Each structure stands twice: as C-alpha cells, then as structure tokens.
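Every heavy atom of this structure was used, including side-chain atoms; hydrogens, water molecules and symmetry mates were not. Just so it is clear: chains get the letters A, B, ... in the order the sequence lines come, proteins before strands, and each one is counted from 1. None of these values were measured; they are calculated from a predicted model.
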There are 2 protein chains.
Amino acid sequence: MAISQEISYRLERLILDGGLAPEHKIPSERQLAASLRVSRSVIREALHELQGRGVIETRHGKGSFVSTMVPGSGDLREQGPLMRLFEGHPRTLYDLLEVREQLEGQAACLAAQRATSQDRHRITKAFRDLEDTDPLSNARPDHGFHQAIVEASHNPILVHVLNSLKNMMLMTVQASVANLNPRAEMRKKIVLQHRQLYEAIISGRPTSAQKIAMAHVRFVSKSMRDMEQEGSTLIRIPVEHEALSSHHHANR
Amino acid sequence: MAISQEISYRLERLILDGGLAPEHKIPSERQLAASLRVSRSVIREALHELQGRGVIETRHGKGSFVSTMVPGSGDLREQGPLMRLFEGHPRTLYDLLEVREQLEGQAACLAAQRATSQDRHRITKAFRDLEDTDPLSNARPDHGFHQAIVEASHNPILVHVLNSLKNMMLMTVQASVANLNPRAEMRKKIVLQHRQLYEAIISGRPTSAQKIAMAHVRFVSKSMRDMEQEGSTLIRIPVEHEALSSHHHANR
DNA sequence: AGAGACAACTGGTCCTACCAGTTTTTAAAT
DNA sequence: ATTTAAAAACTGGTAGGACCAGTTGTCTCT
C-alpha cells in the first residue's frame, strides 16, 4: 500500500483515538515531512485524502486543522458514498425533482385508475389533515397525502423508488413545503393544486390526475429555482456537519 | 479556492454527468495534467481527495477507476430484505417495467433535448453495434444502446435510478431480449423501434422520442405477458448474473 | 506609540528525476 | 510460424528543490 495512505490512516487514528480537539492545529507539512522522514509530496497527498474524508480542513497560510465534526460515528459513511457524491451539488436537487415529476405523475395516474374504496378513504383522510393543519408545520401532512396517493398506485416498486428519492431530497435540502409556504400566494396555488389532484384521483380521471401531479412538482421546482435566483438562499441542511463549509471559521 | 479542489470538483461533476460506469477508467495523471494545463501534483492531490471521498480508487501501474459502489449499486438494492420480498413474484417484473416505461420515456425525451455531439456519437456507435451484432447474443449491445441514451439525459439521478431498476430486473429474470428475440416478427418490430428511437433522438424530437421509448418498453412488457400466458415460461435465472452487469473486468 | 517594511512562518503550484508495478511491443529462440 | 523472453512504453508513487501566495510577528523609521 502507498505510503501516503498509511500516513493518512495513521494521522486519522491519531486524531480520532487521541481525541484531538476540533480546531486543533496539525503540524506543518514541512514538519511532518521531516519527522516522518518522507517527502512533502506524500504528506500533502495524505492530507488531501483526509480533507476528502472531512477529517481535517486546510487554510492557506495558516495550516491544517482538525474538523469540528467527527468522532466515532462515521456518520456519513453509513449513508453510502452516493450521498456524499451528490452532496454540495445544488443541481442534484433539480435532477431529483425532474425525475419525481415523472414518477409522481405516474403515481397519480395509476392511483386514479386502481384506487380501491379503502385507498380513497385513506387519501381523503390525508387530504383533510392537509387542509386542517397549520400551514407552518404541514410538512408531515403533505408527505402523508402524497404517500397515500403513491400507495394507491398498487405498484410496490414505484412506492419504493419514490420513497428513496424523497429520502435523498431530505438529505440534500429541507425542501418544498418549508421554503415555499411562507409565501402566501404560493401557498394558495399549492393548496389549489392539492385539491385538484385530490378530486381528479377520487373521481377517477387518470390523465387529468397525472397532468396535475406533474404540474405540481414542476411548480414546486420552478418556485425553488426562482427563490434561489432572487437571493433568498434555500435552507440547506448540511447533513450533520457544517465542518466543510470553509467560511464558517474565518478569522481567529 | 485551490486549483486542486476545483479540479476534484470538476472531475466529480464529470463522473456524475457522464453517469460513468463502475470500473470506468479515468485518464492518466499525466494526460489530465496536460489537458487541464496544470502540474501533475495538483492532479494527484485532486485524485487523492476523490479517493478519500470514495469516489475513485487507484491502482498502481494501472490507473484510477470510478469506484464500483458509486453509480452501480444504489440505495435501491442495499435494502436486502426488500429484494427477497420481491423475488419470485412475477408481478414485480411488470411493476418494474411499468416504472421503467415512464423513466425510459423521460430519458429519451431529455436525451433528444440535451445530447451533445459527443453523446450523439456514442449513441450512434452503440446503435451500430446493436444492428451489427448477432441477434442471439445481443443482450449487451441492447443494454449499451439504452445506457448511452440514458447517459445523454445528463441527469445523474435518472441514470442511477434506471440502473438500479435494471439490476433489479436482472435479479428477477433475464428478460426482454433473450426471451423475445427468438420470435422473428418480434425482433423485427424491436429493431424498428430501436431505429425510430435512434432517429428521434439524433434529430432532436423530444416528445416523439419519449413516445417511442415508452411504446418500446410497453411492447416488451406486453410481449412477455403474452408469452407467459401461452405457456412458454420465462427463463428465470437466479442472480449469479455477472454476465450482463455492464462492466466487470476481473483482475488479472 | 504608530506606520510600514521586512522576515519568517504557513500552504499552493510547478518542475524534474527517478522508482515501481503493468501492459504492449519487439526480437530472439524454438 | 509459434512461442517465449527481453525490452520498451505505458501506468501510478516518491523525492526534493524552487518559487508563488497568503498570514503573522518583528523591527525599524518616523
């Protein structure tokens, strides 16, 4: 195995086991190179590896510091490398919504076709909850409403895929409802869309339901795009740690 | 921000957009350094960063490769028990195809809109392979053709989801081509559909491409349904399918 | 005391040379 | 002509020097 890797592991152990405090400064590259008797190149490569793992962060002219995150729980690693890969790429959010538009549409279409009376009952209940709830905290009812529709499609695969996508969205950004609802006129439109969607499904109009559902997702996506463009930054939940967002610990 | 970071970010983006297959080889360090007009050092540092994040892995004397875990095995499969649940239920296959119909349609639509000249070239190449190959063993070219289209959609999420669905299909049944091709008249229809799809995408007709792709999947699904009904059992192959899963280069 | 130049850190980039695996090509031996 | 072994042409890994670019403290000059 490469020396740079061994060193990166040794340093990681030293940091984790040794319980090095966040913001603790690591010896300079030249010092490490000298004391470990290797070239500065391998030190730099090892440090970049640790940087990629989020163990340390490096600031030009100052040095390398232990990240504020960390200990034991390798947290992010559990979620699979896929999440880390997408993290920090805002475009991913819209890619997600692009796919969801299609699938939510299909779910609505199928639901309008295949919903049993029991399904209709559950959807109706979810819809009532959606209308009754305080708009400020209606992320859950919203989720429940869509969930009920998807389940009425009677396609387990579709349920599963949409669920995965929703989880990915929650990891990327606290989205849609939380950000969009503050805007009164937007909320009205969304409420209207929900009502139309509900009626289309209950009265069994598949193509209509599909179009409405797709338009709904599209509307949400566009609204977020607009908000982002006009400066009002989306509330990004940096999955567990804002260690990497570089500009937080500016000057000391 | 450091150049090495920018490059690591750009490479990551490239991997996402390209929907790069696992084990796909990345240009050599010297090549990258030359084409990006930076020193080899920064390339090495960028690569080490990606390595730390688990995006790529590097092998001495061979090169750097996209990590196998990244695009291929998404969150859809890692939910072990779920697969057992679906396994053996033939209806699952049609649920899968139902979802695929939608997504392949979207992929074709987006590909017709967003394909770069490079994408078009790759699709054309895949299409030629598809036509030239012996129909008996053209599972691979078929896969390659659709894969090229999906990648041209430039939506990493879509690439990932469809890839997962395809893997699930392979686990359930070695489907479509292997079973359908024996029928001469079916093969002709499928070849025709492929040609139409190809032309629609290349000449940039999104809605047309979408319809054709959806009809194609639907046709495959219906054909399988028919065959199953008339007694000719589908060839079910329990897992062990290293055969079709796109790229699998054993170590030598 | 305050201002500004300077020196001594820090990491960031570039370069060249060379070592070490891997693959391909070449040339010799059969 | 085929087989086989050496050699060349790749690949990444390490070394170390030179220099650029931020940061910080020091020391002089006013």
Ring centre gap for B:Phe127 and B:His194 strictly below 6.0 Å: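 Not close enough - the centres of the two rings lie 6.0 Å or further apart.
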Atom [atom1] of [X] and atom [atom2] of [N]: how far apart are they, to the nearest Å?
{"X": "A:His48", "N": "D:dG13", "atom1": "NE2", "atom2": "C1'", "result": "16 Å"}
{"X": "A:Leu36", "N": "D:dA15", "atom1": "CG", "atom2": "C1'", "result": "15 Å"}
{"X": "A:Glu45", "N": "C:dG11", "atom1": "CD", "atom2": "P", "result": "15 Å"}
{"X": "A:Ile43", "N": "D:dG16", "atom1": "CD1", "atom2": "C1'", "result": "14 Å"}
{"X": "B:Glu49", "N": "C:dT13", "atom1": "CD", "atom2": "P", "result": "10 Å"}
{"X": "A:Met1", "N": "D:dT14", "atom1": "CE", "atom2": "C1'", "result": "16 Å"}

B:Arg114 CZ: over 12 foreign heavy atoms closer than 6.0 Å: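 Buried by this count: over 12 neighbours within 6.0 Å.
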End axis versus end axis in the helix from C:dA1-D:dT30 to C:dT30-D:dA1, the angle rounded to 10°, five pairs used at each terminus: 20°
Side-chain N,O (B:Ser39) to OP1/OP2 (C:dC14) below 4.0 Å: yes
Once side-chain contact (heavy atoms from CB on, under 4.5 Å) is applied, do any residues pair with [X], and if so which ones, sequence neighbours excluded?
{"X": "B:Ala152", "value": "B:Ala111, B:Ala115, B:Asp119, B:Ile123"}
{"X": "B:Gln210", "value": "A:Gln102, B:Cys109, B:Met214"}
{"X": "A:Arg44", "value": "A:Glu29, A:Arg40, A:His48, B:Glu45"}

Interface with DNA chain C, restricted to residues 2-10 of chain A and to heavy atoms under 4.0 Å: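 None - not one residue of the stretch has a heavy atom sitting under 4.0 Å from the strand.
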Carboxylate-amine/guanidinium contact B:Arg10 B:Glu6, below 4.0 Å: no
Carboxylate-amine/guanidinium proximity below 4.0 Å for B:Arg205 and B:Glu199: no
Taking side chain as C-beta onward, heavy atoms only, is [X] less than 4.5 Å from [Y]?
{"X": "B:Glu57", "Y": "B:Val66", "result": "no"}
{"X": "B:Thr58", "Y": "B:Ile56", "result": "yes"}
{"X": "B:Leu110", "Y": "B:Val150", "result": "no"}

Minimal non-hydrogen separation, B:Val42 against B:Ser4, with atom names: O-CB, 3.8 Å
Summary of protein contacts for nucleotides 5-12 of chain D, nucleotide by nucleotide, where a base hit scores B, a sugar-phosphate-only hit scores S (4.0 Å, heavy atoms): ------BB
